[in-house]
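These notes concern the structure reproduced below.
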Number of protein chains: 2
Amino acid sequence: MIGLAGSIERRNGVSLWRQIADRILQAIASGDFLENAALPPEVVLAERYGVNRHTVRSAIAALVQEGVLKAEQGRGTFVLSRKRLSYPIGARTRFSTGLQGQTTERHIALLSSSTEPAIRRVAEALAIAKGAAVIRLETRGEADGHPVSRATTWFDARRFAGIEDAMAETGSITASLERFGINDYLRQSTVLSARHADADDLAALDLQPGAIVLVTVAVNVTLDGQPIQFAEARFPAERVELRLSANE
Amino acid sequence: MIGLAGSIERRNGVSLWRQIADRILQAIASGDFLENAALPPEVVLAERYGVNRHTVRSAIAALVQEGVLKAEQGRGTFVLSRKRLSYPIGARTRFSTGLQGQTTERHIALLSSSTEPAIRRVAEALAIAKGAAVIRLETRGEADGHPVSRATTWFDARRFAGIEDAMAETGSITASLERFGINDYLRQSTVLSARHADADDLAALDLQPGAIVLVTVAVNVTLDGQPIQFAEARFPAERVELRLSANE
DNA sequence: TATAGTTGTCTATATCAATAGACAAATTCC
DNA sequence: GGAATTTGTCTATTGATATAGACAACTATA
């Protein structure tokens with residue numbers, strides 16, 4: 001459904017207020033409301049969704065808490081935050097350059113790093129032996145101070161020893177790979193899915209529980225096709241959309 | 001998070017049993033369980049997620065209802081359904097050819113059609129005047145008898161008058177466009193997001209309420225760049241993943 | 001200054017969600 | 001046959017979710 005409409009389901013394990021909050025977020029993110037625009041009054045929303053006014057209030061309260069809406073007694077409820085960020089995905093997907101023009105500042109924060117044996121899917125993606133040592137980086141992408149992605153990245157530990165230090169210093173995957181003599185790389189494959197955010201995502205992305213994350217699982221390769229990086233990234237669906245560009 | 005793990009959130013508007021059902025679905029879809037494999041016993045799952053056994057039972061009951069699991073008293077609970085379908089997206093995205101090899105039969109069912117004035121976003125996408133007549137098709141993609149997508153598609157009514165009949169006959173967008181002299185077309189842009197399924201999606205895709213859908217908004221163009229089709233498609237996240245291929 | 005329109009707060013009630021414990025029923029395996 | 005394991009059913013209790021109605025507090029404007 002496009003727009004604010006679409007009906008609401010009961011007894012599904014998702015509370016009515018959460019469903020309504022989702023709808024409102026969706027409408028705002030799709031640009032159905034201008035910034036600072038007033039939402040329809042609570043009574044109208046309640047009637048539109050066929051629920052009690054208090055239920056609508058719960059949804060609004062959650063979004064106010066989240067910083068998306070601002071309620072003013074006597075006046076109305078107003079939209080604070082803007083459209084979703086549009087994150088481009090293609091052969092030359094790069095975090096920083098992808099958000100140019102939409103944000104003034106962006107970087108990748110290294111949350112933690114570790115060395116571990118590769119589980120099957122990591123080993124297959126990187127074309128190394130199962131159980132071989134890999135470096136795992138836990139990172140968060142930030143734009144203008146807001147978290148926009150949460151990623152887990154694996155590198156072959158033999159080839160990229162110390163890449164965690166490079167990441168911590170530079171805040172950029174591209175810059176870190178340059179230190180290992182890789183000046184260009186391509187995205188070989190991306191697989192896309194979606195799910196509810198787990199506790200880790202919620203904390204790192206500053207989400208309200210119940211939020212949805214888009215999940216990309218990707219392999220980056222050198223120009224001659226050698227896999228160098230395997231990553232699972234989570235994007236908050238209410239703040240980010242993914243744009244697949246035909247060119248590149 | 002990769003796997004069955006990842007913790008559970010309380011007081012978020014999404015019930016615990018729904019969150020656990022999501023996790024189990026995710027794990028099955030990612031291939032963590034073979035077909036006919038036994039799930040860990042309820043007591044184990046309850047401990048793993050830190051909830052009461054009855055809560056796990058609610059999650060399992062929902063999945064049994066949905067046809068994903070089968071519970072047998074005294075024996076265990078078993079996985080019925082298979083891995084997710086992997087739907088490729090690229091410059092030459094086609095419904096039928098994309099699922100070749102994964103399914104034996106697929107077609108697009110026309111649910112309804114209508115002619116209406118173009119709203120702003122449709123007009124912009126098709127590069128026609130706002131309010132100009134467009135044909136809207138409501139369709140469902142089916143593979144081996146199971147619904148895998150639900151789409152709303154718009155065409156310029158002047159250029160594609162009667163395309164709804166072609167769709168009803170052929171069950172294919174590609175075949176229908178051929179009747180209008182279009183033998184090849186490219187996907188110009190795809191924008192990807194995710195949200196909870198609304199009532200319409202739930203019914204058309206045979207989903208349990210609370211399910212998540214992946215949403216693609218795409219424009220198809222002729223080889224010389226003329227927009228011919230604008231579409232919003234919804235895919236059940238628990239049954240379909242989107243694969244972005246580097247080539248094409 | 002009234003009045004209409006809006007958000008905020010309160011009380012009450014019913015249903016759903018989650019926990020807790022106990023035991024029955026079916027299966028598997030010794 | 002008997003023990004261990006597993007799912008199925010039942011009762012009871014607590015807190016979250018949703019409905020209902022009434023009224024207060026604040027804003028804008030006629």
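So you know, we letter chains A, B, ... as the sequences are listed, proteins then strands, and number each from 1.
Following rounding to the nearest Å, A:Lys70 (NZ) and C:dT6 (C1') show an atom-to-atom distance of 16 Å. With rounding to whole Å, B:Leu16 atom CG is found 12 Å from C:dA20 atom P. Residue B:Gln19 contributes atom CD, which lies 16 Å from atom C1' of C:dC16 at whole-angstrom precision. The CZ atom of A:Arg18 sits 11 Å away from the P atom of D:dT17 (whole-angstrom rounding). Regarding B:Arg57, its CZ atom lies at a distance of 12 Å from the C1' atom of C:dA25, rounded to whole Å. In this structure, A:Leu39 places its CG atom 8 Å from P of C:dT7, rounding to the nearest Å. Here the P atom of nucleotide D:dT19 and the CG atom of A:Leu45 are 14 Å apart, to the nearest Å. Computed from coordinates, the B:Phe78 CZ to D:dT5 P distance equals 16 Å when rounded to whole Å.
You'll find that the side chain of A:Ser15 is closest to D:dA18, out of C:dG8, D:dT7, D:dA18. Taking every side-chain heavy atom of B:Ala71 into account, D:dT7 is the closest of C:dT7, D:dT7, C:dA17. Side-chain proximity of A:Pro41 to the nucleotides D:dA18, C:dA18, C:dT6 is greatest for C:dT6. Closest to the A:Asn52 side chain, of the nucleotides D:dT19, D:dT7, C:dT6, is D:dT19.
Under a 4.0 Å N-O distance rule, the pair B:Asp206/B:Arg140 does not qualify as a salt bridge. The pair B:Arg234-B:Asp198 does not count as a salt bridge, with every side-chain nitrogen at least 4.0 angstrom from each carboxylate oxygen.
Side-chain N/O atoms of A:Glu138 and A:Ser112 include no donor and acceptor closer than 3.5 Å.
Residue B:Ser58 is out of contact with every strand shown, counting any heavy-atom pair closer than 4.0 Å.
The base of D:dG21 sits with one of its N or O atoms less than 3.5 Å from a complementary donor or acceptor on the side chain of A:His54. Scanning atom types as modelled, no donor and acceptor separated by under 3.5 angstrom connect the side chain of A:Arg53 and the base of D:dG21.
Side-chain contact check for A:Glu42 versus A:His54: every heavy-atom pair is 4.5 Å or farther apart.
Both A:Thr55 and A:Glu72 lie close to DNA chain D; mapped to their nearest nucleotides by heavy-atom distance, the more 5′-ward contact belongs to A:Thr55.
For B:Arg84, the salt bridge (charged side-chain N to carboxylate O under 4.0 Å, His left out) partners two or more places apart in sequence, or in a different chain, are B:Glu241.
For D:dT5, the OP1/OP2 oxygens have no side-chain nitrogen or oxygen of B:Arg75 closer than 4.0 Å.
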